[in-house]
Amino acid sequence: MDVSNPFILAYLTEASLTPEELLKYYSFEPIQYLHQRLSSSNNIFLIGRPGIGKTMLLKIFDPELIALLYEGSDNERVQARKYLPKGTVGVYLNIASPYALLELFQGRDYESKWWFEAYADYLNSFLFELGLNSIEAMFQVEKWCKDNQVLDPRPLENKSVAQDLLSRLRRHSSDFDSMSTISEVREFFRSRVQSWTRFTNRDMGSKPPKAVFGQLGRPLFALVGAVRKAKLVGPAFRLFVIVDQYEALYDARAVIDYRPLFCEGMRAASRGSTGVEFKVGTRRYAYNNFSLPNGRGKIDLGREVVEIDLDAVADKFYQKLATDIFRKRLSPYVDARVPPDPHYYLPALTAAEEAELYTKGGSLENKHVGAFTDRWKSSYGFSSSQCDRIVRDSGLDVASALVGTLAAIGVTRWCRRGWRGAALKGLSINTSTDKVSAMVTQLKDLIEAIEHRLPGGSRKQENKRAKAVDNFVRDVTEPALFQLASRYKNQRRYYAGFESIVRLSSNVAIMLIELLQAVYEQAILSGCDVNVPVRTQIQSEAVYRVSSAWFRRIVREYDYGETHYEILSSLGAAFRRLQLELSAPQPCPNGFSVDSRDLEKAFQGLADPRSSARAWLEEAVSRGLLEEEQHQHKQRGKPKRTKYRINRIFCPYLGISSIWKKDPPYVRDLEKFVAVLRKGSVPEELAELLARSEATHDATAQQSLLP
Amino acid sequence: MFPLEGIQYARDIIGSAPWVFVGCVSFEPRWETFVAAAEAVSLRPNISHFIFPIDDGSRWHDECLQKQESHWAKSPAKTTWKSTKADLHLFSANPSHSALEMLEDVVRRANVKAIKTLVIDFTTMPRICYLPMISRALQQSIFETILVVYTKPGDYRKGPLTSEPVDATVVPTFAPLPSPGKSKVPIGWIPILGFGPCFASKITERLTDFDMRDRVYPLIGYPAYQPTFFERVLMDSARVLLELVKSPDQFTYASAVDPYETREAILRIASSAAQDIHWIGSPMGSKPMALGMILAAQERPITMLIARPRSYHPEYSLGTGEIQVFPIRIAGRLAY
């Protein structure tokens, strides 16, 4: 029995893996879907939440990985080569890396204009060295050279390249006048990197070198231009500047905002066929400064730089990516000739099985029924004996817990609507004036219809009634299961099955791996073999553990963590109340909707998330605590709105559904909404929803008369 | 050398020579323990300067600042020593440069008066200040005698001490990272582990592009100031790094109160590994251990990479404990 956890490594990075190992675990699913857009001859902002896979996507252009793809012969790698654009090399710059020295290129001694030029000069020197390294590395890969019709495998020793490069560089500085080889140019840039490093390190006696290139990218444009002109590569030579963790610039913006420097570089790259393209990985809110330095306008979004929203497109490939990750990690550990099927190793529970788990071993008393009869008594005027009769005569007392709860939700909603029509479309319409008999009839009908339509019965929707019942069951099963879990021993919901784990990971691969890691850790600790399916209880315990750990991490590990924690705790508590509300007014309460116009209002981007709801929202989304999506207003002709959902990984801990269904409650005043949450209270939009659900028919009717 | 406990050692070493003092005002009560003790034995500096840190953006900013201001107003550092004080905004542009400027100013003033003894009290000084300051002070030949002093807390609060970590940063004055060459330079990382898991994870995030396979050597303070501190460190930050550590043998231990032992442990780790490794150090544990790392960095190139919190809890430490004196240089000779 292998007792090591296949998912032990969460982050696949060069810190712990060789490039070869990294590639072994690499999933080509996202690049398969996005390679055309990424490889287009545009500058690109690749936008996405933390952990969604921006780095993984961009890293594919890293020369080390490209070289491995060309050196490998297995089918996947051969296939993957077609995702790489021809004649292209990449340089990888992680802005958050200590190499980037971002925190040190700022200070009081000089004006920000000076720092802009200084940082551009440092990055130019640094990138130039990386560019030379990349070209050298790729031109040494035989298959790559063959594929790209390379004429000279030593481009940096090619005289025409050197002459052309130098003539281009001399336009910017006389420093290059006395140079004749690329080695001399390389040495020049190396010494600049060293000088800038010494200066920012405040080494004794060090002075800043004079900035040569005021603009980001110029030396690279010269280098690529020279290689292009020499026609050393069959297709037009291109160089991708991969800028990762762009959000580090956003985080530093309160002191100095270097984003205009990159915008300027991108604008220059997009003009005059430079052959250089910036592919920038960024979190959603981190790239929204499109200004050029010194107020010289803005970069043209859509023309000079294109956005790819990874969050928006992740749905298209995430399921495949998740399966691929699961298979690649588990394969070496299991005895299988075919790739392991995640659904076999991580079995799920059906709704009926799950309901059974909540009620088994409990007393014979139908606890789920009691909650509804209490509501019927308190809100709709039934007596205890009438309730007993309704339960007995309708068969609610003998129906399964799940069917009974679903039916009870249906008739409770019907009571709230004032006993009008039928509890559900297609059921017999109430004609009785005796409320008890009407309740019995409706409940009986509902129980029968639900029993007939629950999985296991006929699935063909032969009539409107079947369709209505199916829709009802699909909508309300989730809250019904929450109610059952809560009524019986105040249990937590069970979370099991690959689908469920994938959903909870919120399209974030890193979260998926952490969930799988916890599941297998729990299984191994329980003495189980990784070669057999993991029991649903074990999966569920692990999922809950990860969920609560992530929630606790907010306060400790996130910037403005205490604020996030306060607000999300209150929001979670309010949603939990809605989740357990008997009539299930919001079957899956886990988000809210804001008028998009409110979000587009002028925003300086420097407001404190502790005092500004907008700033908090921005922080929460950019840190991945909330998931954001645009949607249409319920009413035609109204402006678009933006939905914010609590990240699904927190849902097990908060005791709310992780399924996204229907529009969430509309927030009228965002500032007020957040302020109330910060006080630990329930915002009025959610309070109204609760009050309406608990109120009698008369009260709701009266309320609707009010303005 | 070993740590000396008590103000009398500072008095014995300084003697009657003129001396310069650099300290840091704080909301923690122990910031002025040394000042009060020195005053009690009539040990008064000729020049004294205090950093007045301002943690803009801290969720406890107002509370901490209020405490700090009221401490300063009543302190003998202000009333008797007539010290100079300069604000240092911790989240402004490059606070380490500001700290270095303060030190450079003190050096200039000491030079004018030909003062050759420097005492740095780093009890409540933020890492971003004391790491470059002490490192630079050690590079100054003007000071023939350098003492670093530290006052233990009565206790630490039980809950989180800090919150809201910001991204990790490289500290100036130490060895810079090697320039990117054709092949990647192998990196060795020595994190001194401390309370709170966030710092270790923040720094790890910054190091993802570095090839440090199997070369992570966590250093843990043992014995710790209190037995429970050792467990707290293991629970908080050791687990964060587990997947990066090749074998349990790579965990190293040094007394949490002894900088000299930490220095030796770091130099031992570095000398037992391949010579082409570039070392990165991240002091997250006790201050004496951080001092040990600074000392090691004077002998071997080490890049310092640290993470810091945006917010320190107003009750970070409770009460005050013994004063520790760490002689670094005495009469022009290294003391260890």
Side-chain angles (χ1 to χ4, degrees), chain A residues 8-11 13-19 21 55 64 92 94 96-99 101-109 112 115 125-126 129-130 132-133 136-137 190 193-194 197-198 200-204 244-245 248 251-252 254-256 553 555-563 565 608 610, chain B residues 56-57 59 91-94 96-98 100-101 132 136 139-140 160 162-184 187 189 196-198 201-214 216 236 242-244 246 280 303 305 310-311:
Chain A
I8 188 70
L9 267 185
Y11 277 97
T13 68
E14 285 148 78
S16 46
L17 294 174
T18 61
E21 288 168 325
T55 301
E64 254 182 344
Y92 180 79
N94 180 348
S97 164
Y99 271 132
L101 298 181
L102 176 61
E103 302 86 5
L104 298 183
F105 269 93
Q106 40 186 271
R108 294 177 305 164
D109 309 344
S112 61
W115 282 109
S125 307
F126 189 82
E129 170 76 14
L130 292 180
L132 292 181
N133 292 346
E136 274 178 333
R190 265 189 198 159
V193 169
Q194 206 169 42
T197 307
R198 282 184 182 154
T200 53
N201 196 44
R202 246 189 137 87
D203 285 2
M204 290 213 268
D244 204 3
Q245 314 258 357
D251 291 339
V255 178
I256 189 161
R553 269 154 74 166
V555 75
R556 289 197 308 251
E557 296 185 23
Y558 287 74
D559 203 2
Y560 301 106
E562 305 252 357
T563 307
Y565 186 84
D608 186 350
R610 297 196 190 97
Chain B
D56 308 286
R59 62 176 281 105
F91 291 92
S92 63
N94 226 330
S96 52
H97 281 193
S98 305
L100 283 169
E101 280 166 14
R136 178 51 50 85
Q139 293 160 8
Q140 302 282 348
T162 57
S163 71
E164 307 180 324
V166 292
D167 289 331
T169 178
V170 175
V171 183
T173 72
F174 293 92
L177 286 163
S179 298
K182 277 187 202 169
S183 54
K184 283 183 180 167
I187 295 291
W189 183 34
C198 52
S201 50
K202 281 279 173 193
I203 296 171
T204 315
E205 278 171 23
R206 283 287 203 247
L207 292 174
T208 50
D209 299 330
F210 290 83
D211 170 11
M212 52 179 194
R213 275 171 285 142
D214 307 335
V216 178
D236 276 5
L242 279 181
E243 70 179 45
L244 291 172
K246 183 186 168 194
I280 294 179
T303 300
L305 185 64
R310 186 181 294 280
S311 306

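As a basis for the values below, the full set of heavy atoms in this structure was taken, side chains included, without hydrogen atoms, waters or symmetry mates. Below, chains carry the letters A, B, ... as their sequence lines are ordered, and counting in each starts from 1.
Between the CD atom in A/Q106 and the CG atom in B/N94 there is a gap of 6.0 Å [rounded to 0.5 Å]. With rounding to the nearest 0.5 angstrom, the OH atom of A/Y99 is 9.5 Å from the CG atom of B/D209. Put simply, CG on A/L104 and OG1 on B/T169 are 5.5 Å apart, with the number rounded to the nearest 0.5 Å. Taken to the nearest 0.5 Å, the CD atom of A/E103 stands 11.0 Å off from the NE2 atom of B/H97.
A salt bridge is absent between A/E562 and B/R310: the closest approach of a Lys/Arg side-chain nitrogen to an acidic carboxylate oxygen does not fall below 4.0 angstrom.
The residue among A/V555, A/I256, A/T200 with the most heavy atom pairs within less than 4.5 Å of chain B is A/T200. Contact count versus chain A (heavy atoms, under 4.5 Å) is highest, among B/A168, B/P172, B/S98, B/S96, for B/P172. With chain B as partner, the option from A/S97, A/G107, A/A96 having the largest number of non-hydrogen pairs under 4.5 angstrom is A/A96. Your options are B/T303, B/T173, B/L305, and the one with the most heavy-atom pairs under 4.5 Å with chain A is B/T173.
At a 4.5 Å heavy-atom cutoff, A/D244 makes no contact with chain B through either its backbone or its side chain. For B/S92, the part sitting under 4.5 Å from any heavy atom of chain A is the backbone (N, CA, C, O) and nothing else. With a 4.5 Å cut-off on non-hydrogen atoms, B/K202 touches chain A through its side chain but not through its backbone. Only the side chain of A/R610 comes within contact range of chain B, with at least one heavy atom under 4.5 Å from a heavy atom of that chain. Only the side chain of A/T197 comes within less than 4.5 Å of a heavy atom in chain B; its backbone stays farther off. With a 4.5 angstrom heavy-atom cutoff, B/S311 touches chain A only via side-chain atoms.
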B/T208 vs A/T55, test: side-chain contact (heavy atoms from CB on, under 4.5 Å). Steps then yes/no. CA-CA 11 Å; B/T208 50; A/T55 301; over 6 Å; no
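Distance alone, capped at 3.5 Å, places no donor-acceptor pair between the B/R59 side chain and the A/Y560 backbone. Of the possible polar contacts, one joining the B/R136 side chain to the A/R202 backbone as a donor-acceptor pair under 3.5 Å is found. A/N201 places no side-chain N or O within donor-acceptor distance of the main-chain N or O of B/A175, the cut-off being under 3.5 Å.
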